Amino acid sequence: MRHLKRTAKLGRTGQHRNAMLANLVCSLIKHKRITTSLAKAKAARSEAEKMVTLGKHGTLHDRRLAVARLHQEDAVKILFNEIAPAQKDRHGGYTRIVRLNQRQGDAGQLAILEWIDMPIVTETEAEAEPEKKEETKSEEKTAEAAK
């Protein structure tokens, strides 16, 4: 019987499942939004919210626990420096799941997992911002040279 056994198996062994969920959470931290199957999104949501709770505490021990779970130090830095401070006033419920259509190949339910109250920066906007900064610097230089 499966009484009190709530772990979603996701058709994988324990080590494979833990690695996959860690990678999903790291992708969520880096990209602020991921598209995956509904079952994976529900499983990754609990892991992501636990990581934000560690980030809100912010101690060295919590940082080491997060690195041990996620295996990516750059994702942990983003988590502790950007995401956790932005969620400081919220008491849980840091993520949202938005259901999408079904996948064409196997009719699996797709979903978007994203942070609540976090601005989403697309790749085109991220590329455009450094160009704007360079343009303003060059305009300032030309204005100084004209004087």
Side-chain angles (χ1 to χ4, degrees), residues 1-140:
M1 284 185 264
R2 286 185 46 91
H3 296 300
L4 299 177
K5 307 229 182 318
R6 298 188 62 210
T7 303
K9 301 291 185 177
L10 302 174
R12 289 163 173 81
T13 61
Q15 292 177 341
H16 186 187
R17 184 173 53 249
N18 289 339
M20 181 198 61
L21 291 176
N23 285 331
L24 278 174
V25 172
C26 288
S27 294
L28 177 64
I29 290 170
K30 290 178 183 176
H31 302 292
K32 311 293 191 262
R33 170 187 285 182
I34 57 172
T35 302
T36 184
S37 68
L38 183 63
K40 288 179 191 174
K42 286 181 177 180
R45 174 178 50 187
S46 66
E47 296 297 325
E49 299 210 359
K50 289 175 188 174
M51 293 298 110
V52 173
T53 303
L54 288 176
K56 284 172 65 174
H57 293 155
T59 63
L60 178 62
H61 180 65
D62 292 324
R63 188 177 291 265
R64 287 177 175 165
L65 287 175
V67 170
R69 181 72 176 116
L70 299 179
H71 306 292
Q72 294 184 20
E73 292 185 17
D74 55 341
V76 173
K77 285 180 184 177
I78 295 169
L79 173 70
F80 276 69
N81 296 335
E82 296 175 19
I83 295 171
Q87 305 289 347
K88 204 65 169 171
D89 297 332
R90 187 176 287 275
H91 300 291
Y94 310 113
T95 58
R96 90 169 46 100
I97 294 178
V98 179
R99 291 175 186 240
L100 295 176
N101 55 350
Q102 292 182 331
R103 195 166 32 216
Q104 184 71 30
D106 61 353
Q109 180 72 42
L110 294 178
I112 293 175
L113 178 62
E114 63 186 2
W115 299 112
I116 294 178
D117 299 333
M118 288 291 292
I120 306 296
V121 178
T122 60
E123 294 177 9
T124 56
E125 292 176 6
E127 294 172 358
E129 288 178 7
E131 292 174 2
K132 290 179 183 177
K133 291 178 183 177
E134 291 174 5
E135 290 175 5
T136 57
K137 289 180 183 178
S138 62
E139 290 173 2
E140 290 174 2

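All values reported here derive from a predicted model rather than from experimental measurement.
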Inset, instruction - If a pair satisfies salt bridge (Lys or Arg N to Asp or Glu O under 4.0 Å) and one of its residues is in residues 3-27, list it, with sequence neighbours excluded. - result: none

Inset, instruction - Please examine the side chains of Lys30 and Gln72, heavy atoms only from C-beta on, and report whether any two atoms are closer than 4.5 Å. - result: yes

Legend entry - Sole residue of Glu49, Arg45, Arg33, Gln87 in side chain to side chain donor-acceptor pair (under 3.5 Å) with Thr95: Glu49

Legend entry - Nearest atoms (heavy-atom pairs only) where Ala111 meets Ile97: CB-CG2, 3.8 Å

Legend entry - Heavy-atom side-chain proximity of Lys42 to Leu113 below 4.5 angstrom: no

Inset, instruction - Check whether any side-chain N or O of Lys56 sits under 3.5 Å from a backbone N or O of Arg90 as a donor-acceptor pair, and report yes or no. - result: yes

Legend entry - Distance-minimising heavy-atom pair for Ala84 and Val52: CB-O, 4.3 Å

Inset, instruction - For Gly58 and Phe80, work out which heavy atoms get closest and say how close. - result: CA-CE2, 3.8 Å

Legend entry - Check against side-chain contact (heavy atoms from CB on, under 4.5 Å), Asp117 and Tyr94: CA-CA 8 Å; Asp117 299 333; Tyr94 310 113; over 6 Å; no

Inset, instruction - Without swapping roles, check the side chain of Gln109 against the backbone of Leu100 for a donor-acceptor pair under 3.5 Å. - result: yes

Legend entry - For Trp115 against Ala48, the heavy-atom pair lying closest together: CH2-CB, 4.0 Å

Legend entry - All salt bridge (charged side-chain N to carboxylate O under 4.0 Å, His left out) counterparts of Glu82, not counting sequence neighbours: Lys32

